Amino acid sequence: MAACSSLSLSPKPHTPLRYSHPTKPHFLSIRSCAAPDPTPTPAPAAAPAKHRRPADQNIREEARRRHHSSPSPHHNFSAKYVPFTPHTTSSSSSPESYSLDEIVYRSRSGSLLDVQHDLSALQKFDGQYWKSLFDSRTGKTNWPYGSGVWSKKEWVLPEIDSDHIVSAFEGNSNLFWAERFGKETLGMNDLWVKHCGISHTGSFKDLGMTVLVSQVNRLRKLNKPVVGVGCASTGDTSAALSAYCAAAGIPAIVFLPANRISMAQLVQPIANGAFVLSLDTDFDGCMQLIREVTAEVPIYLANSLNSLRLEGQKTAAIEILQQFDWEVPDWVIVPGGNLGNIYAFYKGFTMCKELGLVDRIPRLVCAQAANANPLYLYYKSGWKDFKSVKAATTFASAIQIGDPVSIDRAVFALRNSNGIVEEATEEELMDAMARADLTGMFICPHTGVALSALIKLRNSGVIGKNDRTVVVSTAHGLKFTQSKVDYHSKEIADMACRYANPPVNVKADFGSVMDVLKKYLLSKDRS
Ligand SMILES: Cc1ncc(COP(=O)(O)O)c(C=O)c1O
Ligand SMILES: N[C@@H](CCOP(=O)(O)O)C(=O)O
């Protein structure tokens, strides 16, 4: 029932909805209409273009020139890898550390790593300084600061040369005021959806991938042995990795669980020229394999096990604060799978507090699909008994993960933010997605999971009606259209699909059209 696909790229055999297409001219005929006129009238003499760069210059070179003429005063900011432990704080010192130019994913004891910034160097500047700096860069075309991630470069990868950065000017995503959904579904007036999926490859993964691929680009320039970059994926990490690697001319290798990701996700790495392996296993099996392969071959590991990714993802949290003019929301709800993102949000909020931009952090909620809920079960056990699960099929296919690599990071983030874990059944997440869409959004099933968590916490009174709440939307709904087609066709076993809105088949004559239209308008009149 979940969004499935096969590598053959053959159309799905069963297409429940039949929308009729108006007859379109063949694309060749459109092209011939637009063919250049053999005797074009001469264009009027163009006015001299203002602010145009000479043909041999670009924004990267401008940044390089700016840097040479006035080198950045921030040269003493630095960051390194330290082992992640539940007691790691941004200022604790560890005897074990690694340069970010080393290729290392785990500590000597096998724990995860964390990127630790030199907080005392950053603290030489007050909160107001950082706010003004970030605000001054937002949404511009200056390389690389126009990116929502690189506008926070000093807090992300302070030492990388801007010239090595691979960016699509990601971030700066819409913080959408969910006015109608908030009011009609939950009686809330301050509900927001952070649309991280309205982005370069259609998910929040772009935020971390620009950082990881930029660092790989640097490593290759430093002649480190990196022949390519690889990941296991449920479809979004692979899309982001492939796009950024294609932009940089670096080989990308992606391991995908066969028939478990959407067609739109599958075609992304294919189109971007990645080496795509479709494996007869689930995501956890792909993850195991990529870890074994990257231990043998100099392929750099791009999953969030690699803490570099989280440095980019944390900027979404900083961006939310920035968008609220540095006022802290009460709640932030994040759908969780491999569990890197919930920690990234915690880290972004915490850095803003430690560096004096805000005085508290929001409470975090991690939302899981009930069919893939190891964190939820752990939370319910009072954090006593973690067991990985065999993740079952879910419409929220990108979080169909039973053995999350960042489990320790997630627990740390939730404990330190007075956080909560919720879960959503298939029916709950699909209904929540449909209800949000009916108020003008077009969200993915994972965002449906987060909205279901919100509905539960609001109904139980944990989240108050005036609480400022942000739901993080992690991918674009257009990547998951099959789930919406299934829902609106009411073709899902054991699901009422209460908010389905199937098209009406009607005879193509005026009388028949008027009959159904009148009925529809009357029903609207009564509602
Ligand atoms: C669309 C989408 N939402 C949510 C998640 C969960 O993020 P994380 O794995 O960091 O928990 C993922 C990937 O896992 C995803 O692709
Ligand atoms: N949803 C992810 C799963 C892998 O997560 P990652 O953050 O560890 O790369 C995907 O799209 O692959």
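All ligand and atom numbering here is 1-based and tracks the order in the structure. Small disclaimer: the values here were computed from a predicted structure and weren't measured.
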Do any nitrogen or oxygen atoms of ligand 1 lie under 3.5 Å from a protein nitrogen or oxygen, and which ones?
{"from": "ligand 1", "atom 1": "3 (N)", "to": "T474", "atom 2": "OG1", "distance (Å)": "2.7"}
{"from": "ligand 1", "atom 1": "9 (O)", "to": "N338", "atom 2": "N", "distance (Å)": "2.7"}
{"from": "ligand 1", "atom 1": "9 (O)", "to": "L339", "atom 2": "N", "distance (Å)": "3.3"}
{"from": "ligand 1", "atom 1": "10 (O)", "to": "G340", "atom 2": "N", "distance (Å)": "3.2"}
{"from": "ligand 1", "atom 1": "10 (O)", "to": "N341", "atom 2": "N", "distance (Å)": "2.8"}
{"from": "ligand 1", "atom 1": "11 (O)", "to": "G337", "atom 2": "N", "distance (Å)": "2.7"}
{"from": "ligand 1", "atom 1": "11 (O)", "to": "N338", "atom 2": "N", "distance (Å)": "3.4"}
{"from": "ligand 1", "atom 1": "11 (O)", "to": "L339", "atom 2": "N", "distance (Å)": "2.7"}
{"from": "ligand 1", "atom 1": "14 (O)", "to": "A398", "atom 2": "O", "distance (Å)": "3.4"}
{"from": "ligand 1", "atom 1": "16 (O)", "to": "D236", "atom 2": "OD2", "distance (Å)": "2.7"}

Every residue of the protein that comes under 4.0 Å of ligand 2, judged on heavy atoms: K205, S233, T234, G235, D236, T237, F283, N303, S304, R309, N338, A398, I401
Whether S214 side chain and V166 backbone form a donor-acceptor pair below 3.5 Å: yes
Among R218, K224, K221, R220, the one residue meeting salt bridge (Lys or Arg N to Asp or Glu O under 4.0 Å) with D101: R218
Any donor-acceptor N or O pair under 3.5 Å, side chains T138, Q322: yes
Side-chain ion pair, R409 and D114, N-O less than 4.0 Å: no
Side-chain H-bond candidate by donor/acceptor type, D284 with Q288, under 3.5 Å: no
Non-neighbouring partners of Q265 that pass side chain to side chain donor-acceptor pair (under 3.5 Å), sequence neighbours left out: D236, S262
Results of side-chain contact (heavy atoms from CB on, under 4.5 Å) for R435 - residues two or more places apart only: F181, T185, I455, Y499
Member of E170, K205, H200 meeting the side-chain hydrogen bond (donor to acceptor under 3.5 Å, both in side chains) criterion with Y244: E170
Cation-pi, F442 ring and K484 (6.0 angstrom, 45 degrees): yes
